[in-house]
Amino acid sequence: METNSGLHSSLLADEVIPGQSARHLVTQDAGGGGTNIFSARDTIYTVNSKLRTKRISDTTIKEATSSSFIKPAGYEDLLGLLWRHGLIILEAPPDKGKHLLGVRLLSDCQERLTQAGRRLNGLHYIKMGWQEINAWHLPKEPGTCYLLDLSGSSDEPPTLEFGEDLAQDADNARYDGVYLVVLATSDVWSQCRGATGGLTQSFSPPPASQIVERHLQSKFEVANYEEWLSVRDIQELISRIGSPSEAAELAEEIAENWRRDNFAEAVSEVLDKFGSWRKHLSKWFKEHEDVPARAAMLAAAVLDPSLPADIIDARKKLLEILQDREAEVAPLAGPGRTGYLELLQAQQVRDRFSISHQRKGLDEAVIRFVWNEWPQAHPYLQEWLLALATDVPQSRVRRIADVTVKAALQAGSTAYIDLVRKIVTDYPQSWSLALEILDLTVLEPGVGAQVRQRLLNWVTNKDPGLAALAVEACGRRLGQERPNLALHRICRALSRDPGDRGFLAAEKALVSLGNDEISRRAVLDTVRTWLGSQPKTGLPAFIALTTRSPFFVQSALLSDRDDESIAFFKDGWAVATASTMPRRVLATALDQFIDICEQGDVAPETLTDIVGPLLAESVNKSLAMMVLRRANSERKDVGDPLRTHLMQELIWGQLSKARDGAPSGRESGV
């Protein structure tokens with residue numbers, strides 16, 4: 001058995017074990033105290049913590065510890081508080097730099113641990129995914145620092161009890177070199193503030209002017225940065241900046257333009273970009289009032305970068321939807337390839353046209369500009385986007401979803417939700433676009449909670465199409481990043497009538513998550529809870545997993561004996577046997593489960609432990625006959641070791657009973 005420290009060194013390397021693919025890499029060992037620790041791709045989690053962690057990237061750590069990072073006033077006090085108590089809560093509005101500040105605090109704590117000769121296990125994010133947050137479920141691997149970001153989570157705000165438990169546990173954990181920084185907004189942390197007292201700290205980020213100047217000096221080494229900062233329009237722009245990230249972005253944009261020969265043009269370009277290209281677009285649309293030219297610009301923006309033929313085709317579709325009588329849509333109409341390049345002021349990148357290659361963000365600005373300037377065109381633009389996303393490569397669908405969501409969010413609109421619903425009811429051929437839109441928004445800090453609530457409502461909607469879409473979305477990004485929230489919605493869908501589209505989609509989504517090494521443990525834990533508390537939901541979930549997810553079954557049963565996994569399968573089949581499920585249906589499900597075990601070389605003793613007792617009960621003689629007779633009839637040519645083993649075990653058991661307590665045939669040598 002490896003030591004806990006040796007275990008972590010192997011996990012963090014994330015090496016591929018011979019014979020296993022990178023996709024299905026799951027390393028499982030016994031750590032200190034018998035804790036099972038799993039590593040899958042870039043995520044590590046422990047069974048007893050029930051929460052997953054992800055290593056904070058070296059790039060983020062480098063940015064937080066670089067000379068361009070400006071510590072806020074009172075930084076040493078914040079660091080001292082964290083060092084003494086093992087916990088600090090940074091409370092600030094979104095986009096105030098608390099994420100990078102948290103990483104810097106944890107990095108400095110690890111530096112102190114290094115100086116003290118302590119072994120380190122790195123910096124990790126604690127990944128969200130619970131219904132009800134529990135402080136005792138947080139991971140606490142020795143020598144590890146954690147960042148827990150609750151800023152964008154309003155599904156289940158932490159309670160006063162969570163704050164009390166968190167503060168109580170932190171003092172003990174720091175003796176093991178465990179430090180935790182919690183990021184929160186005042187509304188999310190309101191119930192916990194009384195329990196965490198002085199551990200909850202607010203801060204003020206450095207002024208934007210200081211951030212811009214430091215980045216230009218130390219990060220980008222801009223030789224004439226003082227000249228840039230002396231420009232009155234640049235100064236006014238800096239005064240309007242409200243977030244450290246935007247200040248850093250401005251510095252980066254200046255760094256990309258400072259070597260240009262024409263200083264005035266370079267300044268104008270930077271200002272125009274940070275003004276959302278409004279000046280540039282106002283001038284362009286004023287100079288091109290004809291609808292065909294504007295349609296071409298919008299097509300180029302939505303598809304950027306794209307082949308000229310695709311831009312012209314998209315322009316034609318928009319003109320047809322707008323029914324513009326002045327439009328010339330014949331094959332030889334329009335200004336031609338060179339003319340379009342000049343019309344759009346685009347750059348040719350290989351064989352494609354791009355309006356944003358040198359003017360970054362111009363494509364998104366065009367869409368936002370048109371959306372805001374011509375609200376009466378919204379229905380037509382939506383119809384056009386749906387047409388562009390039909391029967392095209394998935395990369396095109398993702399692009400259209402991306403620009404649709406960004407345009408709506410930047411305009412403060414929820415039109416993307418209406419579009420998703422419209423797809424289900426009127427444009428099922430654009431189903432993949434709806435899924436991409438949900439993927440982009442379901443975890444977005446600003447609107448994610450609203451989208452997740454909409455999915456929760458849809459899974460029980462009388463429209464089976466809406467339910468199916470919502471459940472399918474739960475099996476994608478939401479299920480991978482926050483599996484417990486996704487499973488809660490899938491559970492609701494499993495209460496629908498069997499055969500309903502929503503029910504079938506729920507089974508499929510559950511199997512998909514069970515097949516993924518990242519979410520498998522969460523699936524097992526959740527379905528086990530359903531079996532005990534709501535078997536009408538838990539049973540179809542259990543049957544789907546054990547008959548249609550070989551990876552789920554084999555991952556649980558092929559590793560070193562895991563009593564929790566064994567108990568899961570035993571309990572599930574016991575619930576199935578005690579249910580009103582027709583015996584032939586149950587026998588078919590057991591057949592499929594045994595076949596999966598057979599294909600995965602599951603140990604006969606393990607299978608006997610799971611299904612032996614229920615097959616041996618007298619009430620299940622007919623079930624045993626239906627399941628086990630295949631060993632002697634249907635598979636003579638290939639053999640059926642697991643069924644043969646089960647039958648022998650049942651025979652020995654019956655012989656032992658018949659001999660009134662005499663030694664079994666095995667023991668007497670019969």
Novice: What's the separation between atom OH in Tyr146 and atom CD1 in Ile126, rounded to the nearest 0.5 Å?
Specialist: 7.0 Å
Novice: Taking the side chain as every heavy atom from C-beta outward, state whether Glu161 and Gln191 have any atom pair closer than 4.5 Å.
Specialist: no
Novice: If every non-hydrogen atom of Val459 is compared with every non-hydrogen atom of Ala470, which pair is closest and at what distance?
Specialist: CG1-CB, 3.8 Å
Novice: For a quick check under 3.5 Å, do Trp573 and Thr546 share a side-chain donor-acceptor pair by atom type?
Specialist: no
Novice: Is any side-chain N of the basic residue among Glu436 and Arg476 closer than 4.0 Å to the acidic one's carboxylate O?
Specialist: yes
Novice: Compare all side-chain heavy atoms of Glu141 with those of Asp176 and state whether any distance is below 4.5 angstrom.
Specialist: no
Novice: Can you find a pair of side-chain heavy atoms, one from Phe569 and one from Val611, that are under 4.5 Å apart?
Specialist: no
Novice: Once the angle between the rings of Phe552 and Phe568 is folded into 0 to 90°, is it parallel (under 30°), tilted (30 to 60°) or perpendicular (over 60°)?
Specialist: perpendicular
Novice: Could you give the distance from CZ (Arg489) to CG (Asn457), rounded to the nearest 0.5 Å?
Specialist: 9.0 Å
Novice: Tell me whether Asp149 contacts the main-chain N or O of Ser151 through its side chain, where contact means a donor paired with an acceptor under 3.5 Å.
Specialist: yes
Novice: Keeping the roles fixed (side chain from Arg501, backbone from Ala468), state whether a donor-acceptor pair exists under 3.5 Å.
Specialist: no
Novice: Restricting to non-hydrogen atoms, name the atom on Pro540 and the atom on Pro535 that form the minimum distance, rounded to 0.1 Å.
Specialist: CD-O, 4.1 Å
Novice: Which heavy atom of Asn461 sits nearest to which heavy atom of Ala467, and what is that distance?
Specialist: O-CB, 4.5 Å
Novice: When you measure from the side chain of Thr196 to the backbone of Cys192, do you find a donor-acceptor pair of N or O atoms at a distance under 3.5 Å?
Specialist: yes
Novice: As a quick check of understanding, evaluate side chain to side chain contact (heavy atoms under 4.5 Å, CB included) for Val451 and Glu444, giving each step before the final call.
Specialist: CA-CA 9 Å; Val451 175; Glu444 206 276 332; over 6 Å; no
Novice: Determine yes or no for a side-chain-to-main-chain donor-acceptor pair under 3.5 angstrom, with Arg452 supplying the side chain and Leu478 the backbone.
Specialist: no
Novice: Got a second to check how far Leu642's CG is from Glu598's CD, nearest 0.5 Å?
Specialist: 4.0 Å
Novice: In this structure, which one of Leu440, Leu435, Leu433 forms a side-chain contact (heavy atoms from CB on, under 4.5 Å) with Ile437?
Specialist: Leu433
Novice: Once you round to the nearest 0.5 Å, how far does CG of Leu545 lie from CG of Leu510?
Specialist: 4.0 Å
Novice: What pair of heavy atoms forms the shortest contact from Thr414 to Gln450, and how long is it?
Specialist: CG2-NE2, 3.9 Å
Novice: Would you say Arg492's side chain and His488's backbone share a donor-acceptor pair under 3.5 angstrom?
Specialist: no
Novice: Determine whether Ser565 and Arg521 make a side-chain contact, defined as any pair of heavy atoms from C-beta on separated by less than 4.5 Å.
Specialist: yes
Novice: Using a 4.5 Å cut-off on heavy atoms from C-beta on, say whether the side chain of Asp426 contacts that of Leu386.
Specialist: no
Novice: Considering only NZ, NE, NH1 and NH2 on the basic side and carboxylate oxygens on the acidic side, decide whether Arg528 and Asp525 come within less than 4.0 Å.
Specialist: yes
Novice: So Phe503 and Leu494, do their side chains get closer than 4.5 Å, heavy atoms only?
Specialist: yes
Novice: In Å and rounded to the nearest 0.5 Å, what is the CZ to CG distance from Arg520 to Leu513?
Specialist: 13.0 Å
Novice: So do the side chains of Leu180 and Leu166 get within less than 4.5 Å of each other, counting heavy atoms only?
Specialist: yes
Novice: Side chain to side chain contact (heavy atoms under 4.5 Å, CB included) between Trp189 and Ile89: does it pass, once the steps are laid out?
Specialist: CA-CA 9 Å; Trp189 201 249; Ile89 297 92; 3.5 Å; yes
Novice: Quick check: does any side chain N or O of Asp169 sit under 3.5 Å from a backbone N or O of Trp136, one acting as donor and the other as acceptor?
Specialist: no
Novice: Cut-off 3.5 Å, side chains only: do Gln599 and Asp595 have a donor facing an acceptor?
Specialist: no
Novice: Are any of the side-chain heavy atoms of Met581 and Ile543 separated by less than 4.5 Å?
Specialist: yes
Novice: Please name the pair of heavy atoms, one in Ser512 and one in Gly475, separated by the smallest distance, quoted to 0.1 Å.
Specialist: OG-O, 3.9 Å
Novice: Hey, what do you get for CZ (Phe551) to CD1 (Ile596), rounding to the nearest 0.5 Å?
Specialist: 13.0 Å
Novice: So, for Ala195 and Gly163, which heavy atoms are closest and what is the spacing to 0.1 Å?
Specialist: CB-C, 3.8 Å
Novice: Heavy-atom count check: over 12 atoms from other residues, nucleotides or ligands less than 6.0 Å from Gln534 CD?
Specialist: yes
Novice: The test is side chain to side chain contact (heavy atoms under 4.5 Å, CB included); show your working for Leu455 and Leu469 and say whether it passes.
Specialist: CA-CA 9 Å; Leu455 294 180; Leu469 178 73; over 6 Å; no
Novice: Test your reading of the model: is there a side-chain donor-acceptor pair from Gln429 to the backbone of Asp391, 3.5 Å cut-off?
Specialist: no
Novice: Can any side-chain N or O of Thr526 pair as donor or acceptor with the backbone N or O of Val523 at less than 3.5 Å?
Specialist: no
Novice: Where the side chain of Ser495 meets the backbone of Cys491, is there a donor-acceptor pair that is under 3.5 Å apart?
Specialist: no
